[in-house]
Amino acid sequence: MAKSQIIKDIANGDVNLETSLKRMLIIASDLKNAKLISWVKNELYGYENSDDLPDYRKMHGYFKITYVSGYTKISDQPIGAAILPDNLQDFAIYKCKDSISAIEDVSKSDRCPILPYADLIPYLKKQSSLINILNFYMELPTSSFKKIVDCVSRELMDILLEIDSKIGNIDELDVSASTKQVTEINNFINVKIDSFTNIGNENKISDSLIAGKDINKNGK
């Protein structure tokens, strides 16, 4: 069976993910699926509530520190999360809330973005009085942002394939289906969205800072 052009465009990379999600939003509106509409809007414009953040948007970074020990300065030294006291271990996981277009931009960069943690330096100094800490930050691998893009693309494709298999061509972005077909499609979509959205999960880092320019791409 020939697939809808919208599916071929995504598979061939002929359109960006933002455009594909906007097209999906029109279809979701026809289906009157609140979960799908919410997920698509969150991916398009960013998540406001970190409790709704899908698991694929939670990432581990690499802590790095610049410090002085005696007369020696050590710059950008990788360290483990164990350097943080127990009450700050949640900072080891970054929750990315930005729009998919911002994430795609970062995923294509040749430099890893960083998340400054200057405010945590006083807590680290309590752990060791033998060094003078000058800088502390988390480096976020671009591969983690690429993983978000891949996950959204995969889930979007699965949903579109299900709709296409039930009602045929959807290139006109005008879903015309029986009540039974819409119910079956919406049941599939709701189960799928529930599978990657863990509502009420314990919060880690709740603020995403790419759009606010607090994350830098130059590694410093």
Side-chain angles (χ1 to χ4, degrees), residues 16-18 42-43 46-155 196-220:
N16 60 34
L17 193 50
E18 181 180 19
N42 283 334
E43 291 297 334
Y47 287 77
E48 293 184 3
N49 186 351
S50 61
D51 287 347
D52 296 335
L53 204 70
D55 288 339
Y56 59 75
R57 278 177 168 261
K58 301 168 188 177
M59 65 181 73
H60 291 270
Y62 303 97
F63 286 121
K64 291 189 177 183
I65 190 171
T66 295
Y67 64 94
V68 174
S69 178
Y71 295 101
T72 304
K73 179 180 178 181
I74 309 297
S75 298
D76 306 316
Q77 178 69 32
I79 57 172
I83 192 174
L84 293 174
D86 291 341
N87 63 320
L88 296 179
Q89 283 296 315
D90 284 351
F91 284 90
I93 296 179
Y94 175 62
K95 300 179 78 172
C96 184
K97 294 163 56 179
D98 296 278
S99 68
I100 197 67
S101 60
I103 291 172
E104 281 193 297
D105 286 344
V106 175
S107 71
K108 297 173 184 176
S109 173
D110 58 355
R111 295 190 179 186
C112 295
I114 68 169
L115 182 65
Y117 279 154
D119 291 345
L120 299 185
I121 291 178
Y123 297 95
L124 300 182
K125 288 182 177 179
K126 294 179 182 179
Q127 308 301 308
S128 176
S129 59
L130 301 179
I131 62 174
N132 179 24
I133 300 173
L134 303 178
N135 191 21
F136 179 58
Y137 63 91
M138 177 188 282
E139 184 176 270
L140 301 166
T142 56
S143 59
S144 294
F145 294 90
K146 179 64 165 60
K147 180 180 177 181
I148 294 175
V149 173
D150 290 343
C151 285
V152 173
S153 179
R154 181 189 66 228
E155 303 300 346
F196 57 75
T197 303
N198 190 9
I199 297 177
N201 190 24
E202 59 179 323
N203 291 337
K204 301 297 182 182
I205 297 175
S206 60
D207 293 321
S208 195
L209 303 172
I210 297 174
K213 299 181 181 178
D214 288 315
I215 286 185
N216 302 313
K217 294 184 181 179
N218 58 6
K220 292 291 187 298

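As the structure is a computational prediction, the values presented were derived from the model and not from experiment. FYI, the numbering just counts along the sequence from 1.
- Shortest non-hydrogen contact noted between Val149 and Leu17 is O-CD2, 3.7 Å.
- Atom NE2 of residue His60 and atom CD1 of residue Ile93 lie 4.0 Å apart, to the nearest 0.5 angstrom.
- Between Phe91 atom CZ and Leu115 atom CG the span is 9.5 Å, to the nearest 0.5 Å.
- The side-chain heavy atoms of Glu43 and Pro54, taken from C-beta on, include a pair separated by under 4.5 Å.
- Annotation for Glu139 and Cys112: closest pair CG-CB, 3.6 Å, computed over non-hydrogen atoms.
- For the atom pair Phe196 CZ and Asp55 CG, the distance stands at 10.0 Å (nearest 0.5 Å).
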Report the C-alpha distance between Leu134 and Lys73 in whole Å, list the side-chain angles of each, state the deciding distance to 0.1 Å, and finish with yes or no for side-chain contact (heavy atoms from CB on, under 4.5 Å).
CA-CA 9 Å; Leu134 303 178; Lys73 179 180 178 181; 3.9 Å; yes

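- Between Asp98 and Ala102 the shortest heavy-atom distance is CB-CB, 4.2 Å.
- Atom OG1 of Thr72 and atom OH of Tyr67 lie 9.0 Å apart (nearest 0.5 Å).
- Pairing each heavy atom of Pro141 with each of Gly61, the nearest pair is CD-CA, 4.3 Å.
- Atom NZ of Lys95 and atom OH of Tyr47 lie 11.5 Å apart (nearest 0.5 Å).
- Ser75 has its side chain within reach of Thr66: a pair of non-hydrogen atoms, C-beta onward, lies under 4.5 Å apart.
- Between the side chain of Ser107 and the main chain of Glu104, a donor-acceptor pair closer than 3.5 Å is present.
- Tyr62 OH: 12 or fewer foreign heavy atoms inside a 6.0 Å radius.
- Inter-residue side-chain proximity for Phe145 and Pro113 is flagged as met; some heavy-atom pair is nearer than 4.5 Å.
- Closest non-hydrogen pair, Cys96 versus Ile103, comes out as SG-CD1, 3.8 Å.
- Between Asp150 and Lys146 a salt bridge is recorded (basic side-chain N to carboxylate O distance below 4.0 Å).
- Interatomic distance, CD1 of Ile74 versus CD1 of Ile131, reported as 10.0 Å (0.5 Å rounding).
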